Amino acid sequence: MFKRGFARFACAMLAMALVMPAAYADDKTEKAKEAAPQVDLAPNASSAVLLDADTGTVLFEKNRDQKLPPASITKIMTMVLIMEALDQGKIKLDEKVRTSEYAASMGGSQIFLEPGEEMTVEEMLKGIAMASGNDASVAMAEKIGGTEEAFVGMMNAKAKQLGMANTHFVNVNGLPADNHYTSSYDIALMSRELLKHEEITKYTGLYQDYLRKDSEKPFWLVNTNKLVRFYSGADGLKTGYTSEAKFCLSATAKRDNFRVVAVVLGEPNTKTRNAEVTKMFDYAFSQYTSHPIFKTGDVIGTVRVEKGEQPKIELTAKHQYSVLMKKGDAGADIRHELQLLPELKAPIAYGQPLGKLVVYKGDQVISEFPVESPVEVKKAGWWKLLKRTSLKLFMAD
């Protein structure tokens, strides 16, 4: 009885601890503010945020929670859901996507899809990431969600899950619409989520490419984000412009193990936008560095799943885990600990919280990362459970 009660208590305490990373991230942001530059790194922007991609620490902010129209930066969330669908096997890169009349009718930035035209998921993704194709965005939304409206519902659900408190989407491409808004901090959050799918920079970091390359009508793609060509380490993410939103950009750059995200909204022109993002990047790379804990593909640990079709899940790092440090700070005495929820039972959903990775410097907690299930684990049938139990009996000493 005591053991059962203690297990319940331990489970409740760890479950409670899993909601702490957001509060802990706020604490890290407050500490970063103390060391933040007094000068405005983006004086011409209506709103701006500079973020460490691995830890989520804010290095600079300006009107970070102000609700503003994001224009085509909206497509970052569209790409998040595309990458998740790829991860879950719901779609494949070489799978064909048919263009509806509605998708082909989109104005603004487009790759000029014809009604009935088919392109692969990868080609559509290039069209969204590089050319900001409104038509490709809607075609992919219909492929994954069935309708644009259903996909928008998925976008808003994901925004809520990520803690994007000042965001509401109405469409998938950012064309002007009432009640369609977000904030620079929320954009940084969804940019960070997209960058967990490291392969996305294969598309967002390209400066030029072609669609319909071997056809009679090849379409030349040139990245709307010129920083990927002119700033060392820049490889994404998304530009945006409407007369209401003005010039916007969520940009990312990586040097060594250190990746940052810089977001500016409401800039007066592309030259100023790019110059201020460059200034934010320069500040981050001159003042901070990153101490890696796990690199992509490293084994983090193993989770046992009671009554699951898979009795255990191997956890591998889908992206880099690291801690942010001021340049010159010693990286010694840093250790980590994987803390898992007790008594995990099937079924387990893809992305379900399993525990957290806690990083210490000495005895002080300096960072926490949620650990989620990389796969869906269904409950095993009675016959499989019987065979498993019998095997354990025969294997016993």
Side-chain angles (χ1 to χ4, degrees), residues 3-19 21 80-95 121-122 140 143-146 150-151 153-155 157-158 160-162 193-194 196-200 293-321 336-358 368-397:
K3 287 182 179 178
R4 191 182 301 119
F6 180 79
R8 287 174 181 166
F9 172 77
C11 184
M13 290 300 291
L14 187 51
M16 184 186 271
L18 287 176
V19 304
V80 166
L81 295 182
I82 292 172
M83 298 309 291
E84 285 190 351
L86 284 165
D87 276 0
Q88 295 172 47
K90 293 179 179 178
I91 55 174
K92 296 180 180 178
L93 283 174
D94 59 358
E95 188 173 339
V121 168
E122 185 169 39
M140 284 305 305
K143 173 70 173 178
I144 295 170
F151 191 85
M154 294 165 64
M155 291 168 69
K158 187 66 179 181
K160 185 177 180 181
Q161 180 190 334
L162 293 176
E193 185 69 14
L194 180 59
K196 289 179 180 178
H197 306 273
E198 293 181 354
E199 60 273 28
I200 192 63
I293 306 299
F294 286 112
K295 294 180 180 178
T296 305
D298 286 350
V299 176
I300 299 174
T302 302
V303 182
R304 293 199 172 277
V305 182
E306 189 178 338
K307 297 183 179 179
E309 281 193 346
Q310 300 169 237
K312 60 184 179 180
I313 304 171
E314 185 176 71
L315 301 174
T316 57
K318 289 181 64 179
H319 55 88
Q320 177 175 281
Y321 292 86
H336 59 270
E337 181 181 293
L338 181 61
Q339 297 180 3
L340 297 171
L341 284 165
E343 299 182 8
L344 285 162
K345 296 181 180 179
I348 289 178
Y350 170 87
Q352 181 176 322
L354 301 178
K356 59 182 178 177
L357 181 69
V358 184
E368 294 182 356
F369 300 94
V371 174
E372 301 167 344
S373 177
V375 293
E376 177 186 8
V377 181
K378 295 179 180 178
K379 191 172 182 178
W382 70 269
W383 179 243
K384 180 173 282 190
L385 290 173
L386 179 63
K387 286 197 295 182
R388 194 176 294 166
T389 303
S390 300
L391 185 62
K392 284 180 181 178
L393 288 171
F394 286 117
M395 292 293 288
D397 292 334

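Everything numeric in this text was worked out from a predicted model, so none of it was measured.
- Taking both residues in full, the closest heavy atoms of Gln352 and Pro347 are given as OE1-O, 4.1 Å, listed atom of the first, atom of the second, then distance.
- For the pair Met140/Val121, a side-chain contact is recorded, criterion being any heavy-atom separation below 4.5 Å from C-beta on.
- Taking NZ of Lys307 as the start and NZ of Lys345 as the end, the distance is 6.0 Å to the nearest 0.5 Å.
- Taking each heavy atom of Lys312 and Thr302 in turn, the nearest pair found is CD-CG2, 3.7 Å.
- Here the closest non-hydrogen pair linking Gln310 and Val375 is OE1-CG2, 4.2 Å.
- Atom CG of Leu341 and atom CD1 of Ile348 lie 9.5 Å apart (nearest 0.5 Å).
- Annotation for Leu354 and Val303: closest pair CD1-CG2, 4.2 Å, computed over non-hydrogen atoms.
- Within the 4.5 Å cutoff, the side chain of Ile313 has heavy atoms near those of the Pro374 side chain.
- A salt bridge is defined here as a Lys NZ or Arg NE, NH1 or NH2 lying under 4.0 Å from an Asp or Glu carboxylate O, and Lys378 with Glu309 fails to meet this definition.
- Taking all atoms of both residues into account, the shortest heavy-atom contact from Gly145 to Ala150 is O-CB, 3.3 Å.
- If you take CG on Leu81 and CG on Leu194, they are separated by 10.0 Å, rounding to the nearest 0.5 Å.
- The shortest side-chain heavy-atom distance between Ile82 and Ile200 does not fall under the 4.5 Å cut-off.
- For the pair Ile144 and Lys90, the minimum side-chain heavy-atom distance is 4.5 Å or more.
- With sequence neighbours left out, the salt bridge (charged side-chain N to carboxylate O under 4.0 Å, His left out) criterion links Lys196 to Glu193.
- Of the inter-residue distances, the one linking Phe294 atom CZ with Leu338 atom CG reads 7.5 Å to the nearest 0.5 angstrom.
- Taking the side chain as every heavy atom from C-beta outward, Glu199 and Met83 approach each other to under 4.5 Å.
- Of all heavy-atom pairs spanning Val305 and Ala346, the tightest one is CG1-N, 3.7 Å.
- To the nearest 0.5 angstrom, Ile300 atom CD1 is 7.0 Å from Thr316 atom OG1.
- With sequence neighbours left out, Lys318 forms a salt bridge (charged side-chain N to carboxylate O under 4.0 Å, His left out) with Asp87.
- In summary, the aromatic rings of Tyr321 and His336 are positioned with their centroids too far apart to meet the 6.0 Å limit.
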